[in-house]
Number of protein chains: 2
Amino acid sequence: MTFQDCICFQLGTISRKITLDYRNKIAGYNLTHSQFFVLMAVLECEGLQPSHLAEKSYIDRATVTGLIDRLERDGWVERHRDVPDRRALKIYLSSKAKKHKKEFVAIFNEINGSFKDRFTGEEWEQLQYLLGKLEP
Amino acid sequence: MTFQDCICFQLGTISRKITLDYRNKIAGYNLTHSQFFVLMAVLECEGLQPSHLAEKSYIDRATVTGLIDRLERDGWVERHRDVPDRRALKIYLSSKAKKHKKEFVAIFNEINGSFKDRFTGEEWEQLQYLLGKLEP
DNA sequence: TTTATATAATTTGCATGCTAATTATATGCA
DNA sequence: TGCATATAATTAGCATGCAAATTATATAAA
């Protein structure tokens, strides 16, 4: 029994490796792994507030602020203060991002598919079930 | 099909949640998740070089430098230049860390056990097998 | 209406984690 | 020996990610 056998360690390691793998596939868009996921979240449902994006993505609000900062800086999303509640924001895709919408979905499906393809349908179900049991 | 169903996203999320969970358990020692793993690596085999620790932990050398910096700052490990090759270092436990050796092993086993307990032996085997298939 | 409390987003501070560049030392080859 | 190349560790720069504090606005209660 060594620390490498610890499930916590293993998950972190695999997660990091996959992140690197991901990067190569979206390198052309100059997006990071996390940025890509937030962009997918906006793409799936435009006009969400940063706090809702944080909830959907299971990351901290402060982290979302930074992610949106950089997505906005690079021209992928826009912040709009068009909510009755003047504290809140809504996040929309930029026109540039809209142009690439279909490509993003395709890349997403390709990446997930490349992992899914390694398993039988039954194994995939089993993996989802077992991962679910790991949630704290 | 939404981005939350992507296995890459799921692994990252679970991994982050577990990291937080971990923190509470080692909070008394003021160690982070990653510091704890590096400390376990040193504990398992003293005198390893930073580059070997990086290899064992599947993290970058530059990251190891920072981790050792903080572990040394907080008095858990020591850097020794007692290798024929004067470029290299060896990392040893401090006497303070040695005093807590048994506790660290116990905490480690307790944490890993708390996850393992959620599965049957067969499920655990299956999880290891399925995670292995995810490696890029 | 005024005050206390709550909420949305941001900022600050710190610890990963990676890549690329740098420094110091070894080694191999002419 | 002298020079090119390789290697160990570090540094610098950037992007997560979290906790705690801050700012601006809403809402509830006195």
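What you see below is based on every heavy atom in this structure, not just the backbone, and it leaves out hydrogens, waters and symmetry mates. Order of the sequence lines fixes the chain letters, A, B, ..., with proteins taken first and strands second; residue numbering starts at 1 for each chain.
Rounded to whole angstrom, the span from the CG atom of B:L67 across to the P atom of C:dC18 amounts to 10 Å. The separation between B:Y22 atom OH and C:dT16 atom P is 14 Å, rounded to whole Å. Residue A:L20 contributes atom CG, which lies 12 Å from atom P of C:dG17 at whole-angstrom precision. Note: NE2 (A:H52) to C1' (C:dA9) measures 12 Å, nearest angstrom. The distance from atom CG of B:L53 to atom C1' of C:dG17 is 16 Å, rounded to the nearest whole Å.
Every pair passing side-chain hydrogen bond (donor to acceptor under 3.5 Å, both in side chains) that includes a residue from residues 75-88 of chain B is listed here, sequence neighbours excluded: B:D69-B:R79, B:E72-B:R79, B:E78-B:H80, B:D82-B:Y92, B:D85-B:R87. Residue pairs that meet the salt bridge (Lys or Arg N to Asp or Glu O under 4.0 Å) test with at least one member in residues 57-67 of chain A, sequence neighbours left out, do not exist here. Identified under the side-chain hydrogen bond (donor to acceptor under 3.5 Å, both in side chains) test for residues 39-59 of chain B, with sequence neighbours left out: A:T2-B:E44. Screening residues 122-132 of chain A for salt bridge (Lys or Arg N to Asp or Glu O under 4.0 Å) gives A:E123-B:K133 as the qualifying pairs, with residues at least two apart or on separate chains. Under the side-chain hydrogen bond (donor to acceptor under 3.5 Å, both in side chains) criterion, the residue pairs touching residues 100-110 of chain B are B:Y29-B:E103, with sequence neighbours excluded.
Rounded to the nearest 0.5 Å, atoms CG (B:N112) and CZ (A:F3) are 12.5 Å apart. A:L53 contributes atom CG, which lies 12.5 Å from atom OG1 of A:T63 (distance to the nearest 0.5 angstrom). Considering OH of B:Y22 and OG of B:S34, their distance stands at 10.0 Å, rounded to 0.5 Å. Going from atom CD1 of A:I111 over to atom CD1 of B:I7 covers 13.5 Å, rounded to the nearest 0.5 Å.
A:D117 meets the side chain to side chain donor-acceptor pair (under 3.5 Å) test with no other residue; sequence neighbours excluded. Listed by chain and residue number, B:Q128 satisfy the side chain to side chain donor-acceptor pair (under 3.5 Å) test with A:Q10 (two or more places apart in sequence, or in another chain). Judged as a salt bridge (charged side-chain N to carboxylate O under 4.0 Å, His left out), and not counting sequence neighbours, the contacts of A:K25 are A:D21.
Of the residues in residues 81-90 of chain B, those placing a heavy atom less than 4.0 Å from an atom of DNA chain D are B:R87, B:A88, B:L89, in numerical order. Contacts between residues 26-51 of chain A and DNA chain D, counted as heavy-atom distances below 4.0 Å, involve A:T32, A:S34, A:Q35.
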Give me, pair by pair, the N or O atoms of the protein and of nucleotides 11-14 of chain C that are less than 3.5 Å apart, along with how far apart they are.
none

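Here chain A contacts DNA chain D (any atom closer than 4.0 Å to a heavy atom, that is under 4.0 Å), and the contacts span D:dA15 to D:dA26 from 5' to 3'.
A:F108 and A:F37 have perpendicular rings, their planes meeting at more than 60° on a 0 to 90° scale where under 30° would count as parallel.
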